[in-house]
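Structure, as structure tokens:
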4 protein chains.
Amino acid sequence: MNEVRSTRRRQAEQRRVQLIDTALNVFAQKGLDGATVKDLSEAAGVAQGLLYHYFRSKEDLLRAALERHYFLPELRRITSPDRDRPAQEVLLDVSQGFAAMLRERRPLLQVMIREAPTNPAVAERIARAQRESVRLLSDYLGSRVEAGELRPHDTQATARLLLYTVLMSHLTDTLDQPFLTAVVETILHGVAAR
Amino acid sequence: MNEVRSTRRRQAEQRRVQLIDTALNVFAQKGLDGATVKDLSEAAGVAQGLLYHYFRSKEDLLRAALERHYFLPELRRITSPDRDRPAQEVLLDVSQGFAAMLRERRPLLQVMIREAPTNPAVAERIARAQRESVRLLSDYLGSRVEAGELRPHDTQATARLLLYTVLMSHLTDTLDQPFLTAVVETILHGVAAR
Amino acid sequence: MNEVRSTRRRQAEQRRVQLIDTALNVFAQKGLDGATVKDLSEAAGVAQGLLYHYFRSKEDLLRAALERHYFLPELRRITSPDRDRPAQEVLLDVSQGFAAMLRERRPLLQVMIREAPTNPAVAERIARAQRESVRLLSDYLGSRVEAGELRPHDTQATARLLLYTVLMSHLTDTLDQPFLTAVVETILHGVAAR
Amino acid sequence: MNEVRSTRRRQAEQRRVQLIDTALNVFAQKGLDGATVKDLSEAAGVAQGLLYHYFRSKEDLLRAALERHYFLPELRRITSPDRDRPAQEVLLDVSQGFAAMLRERRPLLQVMIREAPTNPAVAERIARAQRESVRLLSDYLGSRVEAGELRPHDTQATARLLLYTVLMSHLTDTLDQPFLTAVVETILHGVAAR
DNA sequence: GATGAATGAGTGTTCATTCAT
DNA sequence: AATGAATGAACACTCATTCAT
């Protein structure tokens, strides 16, 4: 009896997850407004009404997706490298880790970036992620300045330079290994002769 | 009579321009889907029907806006500096010029970026602008390598590093003079000690 | 075993009754259309599906409620006073008895009156109750005319006058003892001077 | 030009009125919830969307109908007879006038009575009409007491007795001239023998 | 008996577009 | 050129009902 119930609950939870994940993909392809509830239910292979059994509205479905794919902790980890490791090595790691996260979260991020201008909740999440990742990476760079590996400089600017560039190249589908290597090399040693 | 006609034509042209520009602002605020024809006509202070006198459809209105605010030539100019001027000076000029253009075209760019994922025509315009500006700036950098000011390196990567960063900081509303200066400084000399 | 069965049956019957009575209250508050099956099941503290175990449909639930709270016999009793008792005494009794019945059956009557215009079965029940109660009370009044207590007159009109007034004052929540007394007094002796 | 505009406006106003009046009839037949917007638009011979050009919502359409068919002034007039005319004559006038008004406003009143239990605004209108008409008629009766035509008594109760009865007989479709005559006769002289 | 997940027809409402004036 | 009434196809959402468990 309890087993039956918990099986049902588990199935319901699976269905919830399935609905969220298919919705996220449809949202990414067509946009939040462009994706109709019919699109969403057909993509999930269920009746339209079922969506409203699990979510109050289309907007609520988006909220649930943001919840489920919450990425701030991972982003924090990526931008908090061991302060004793050299920047030479770490900056490549960070940019690769960040790029990998972007790749894995592609649909979510596409949707968030698209909806941010009209959805304050989404905008705030993005702003927060940006603030925190820049601060953490900047802190790490500061420690490398203290360690004497890097010269004293505006470490926030450097953090932004790296993160912005990785994000933009991801968004424009022009992110590859050679580019990341070149970016890190440039950030460390510049392109001026000598 | 001819004067009357040309006056009318001029008035019609003015109205067209007014409709396009108010539409662009409304699109930027509410998104293309989010902006109703009623929103557009009210913002312009005209009846709904009038929009269809000047444009076939909402989509056509967007096309006209893209046409009117065509920015590729300006972007080309910005990213084609005099090859004899030193990078030290030019890179700051370019980033400032690019930033200024972004600032002036803010509503247009907001709309384009938002619609690109679902509108291939828009996506293609963005891709082209990116391709050309990267190529032009990269070419300039190549000439500075030849001139001996810069060391041999992946100049495309450098061009992208600069342009991506300026664009991202514009989009996130974190673009200011000190940041640009720091970015150019870093690109030229890196942040490594020594 | 038999006991178990009959216990079950009794429980089932209790559940049926519970469902009917909570439904009646919800119907009274929100109207038949306004009350959703979810409202009904939540009010009864059961799952939606269970309602369909006991009733074929929402409509059927209403039918069952009408059945269970069938009030015609009681109304007949109230409007069939002992023909030998004086009208002076009887009319107050009748109006009080009728008022008490209306009070006890408030939710049912609210629902019936509300649904009558679109539900012929309900309309017919009301019409029948009206017909019978008017006839019975009219017959009593006729007997009091014969007994010489009342003057010859349209006794149907008098019956309607009394019953309509009690019902309306019930519906408008303005039914109290002084009013009933005044009504009976007026019906018997009128308000003209002399 | 002005004529064109005002013609258009007049036509729009006519359309508004037509929509309200056909809607009122459909509401009366099917109830507010039971009447779909499709029903309403078909009854008016227009597209569904047009209803929303004139009214914000179905509920707003009801509000407009209540507004348009506002009957309180007429009811006040009916229940404010000349204080010098004898009750014998006046009470018949009042009941006939009230009955006529009910007949003319049948659909409106059907809808109002039906919606009152779930629509406070409607309930309040009914309550107010009741309060005012009872008070006005009661005041008249008071003046007839002072004039010596009627004996001192609860004039409010008498007013309610008359108005409630007329309304109820209207609602039950049992309102005819003989009944009104009998009611007035009874109210004035009662049914007790001598 | 009881649950609640699942269905799908239908609802009120929106909105780009057309058209008579 | 300009209006705004009118259309009708879509839309998000609701809800009575069914059904597997």
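Numbered from 1 within each chain, the chains take letters A, B, ... in sequence-line order. Being a predicted model, the structure only gives us computed values, none of them experimental.
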What integer distance in Å separates [X]:[atom1] from [N]:[atom2]?
| X | N | atom1 | atom2 | result |
| --- | --- | --- | --- | --- |
| E59(B) | dT17(E) | CD | P | 9 Å |
| F55(C) | dG1(E) | CZ | P | 12 Å |
| R8(A) | dG4(E) | CZ | C1' | 5 Å |

Any H53(D) side-chain nitrogen or oxygen under 4.0 Å from OP1 or OP2 of dA5(F):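 H53(D) to dA5(F) OP1/OP2: side-chain N or O found under 4.0 Å.
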
Along DNA chain E (nearest heavy atom to each residue), the more 5'-positioned of V46(C) and A35(D): V46(C)

5' precedence on DNA chain E between K38(B) and L32(D) (nearest-nucleotide basis): L32(D)

Any donor-acceptor N or O pair under 3.5 Å, side chains T36(B), D39(B): yes

Side-chain donor-acceptor pair present, Q11(A), R8(A), cut-off under 3.5 Å: no

From the options [options], select the nucleotide whose nearest atom is closest to the side chain of [X].
| X | options | value |
| --- | --- | --- |
| L50(B) | dT3(F), dT17(E), dT7(E) | dT3(F) |
| Y52(C) | dG12(E), dC13(F), dT17(F) | dT17(F) |
| Y54(D) | dA5(E), dT3(F), dA5(F) | dA5(F) |
| A47(C) | dG4(E), dA5(E), dT17(E) | dG4(E) |

Enclosure of R56(A) CZ (heavy-atom neighbours >12, cutoff 6.0 Å): no

Nucleotide opposite dC13(F) in a Watson-Crick or G-U pair, distances under 3.5 Å: dG10(E)

Nucleotide forming a Watson-Crick or wobble pair with dA20(E), both distances under 3.5 Å: dT3(F)

Toward the 5' end of DNA chain F, by each residue's nearest nucleotide, R15(B) or T36(A): R15(B)

Residue whose closest nucleotide on DNA chain F lies nearer the 5' end, A12(D) versus Q11(A): A12(D)

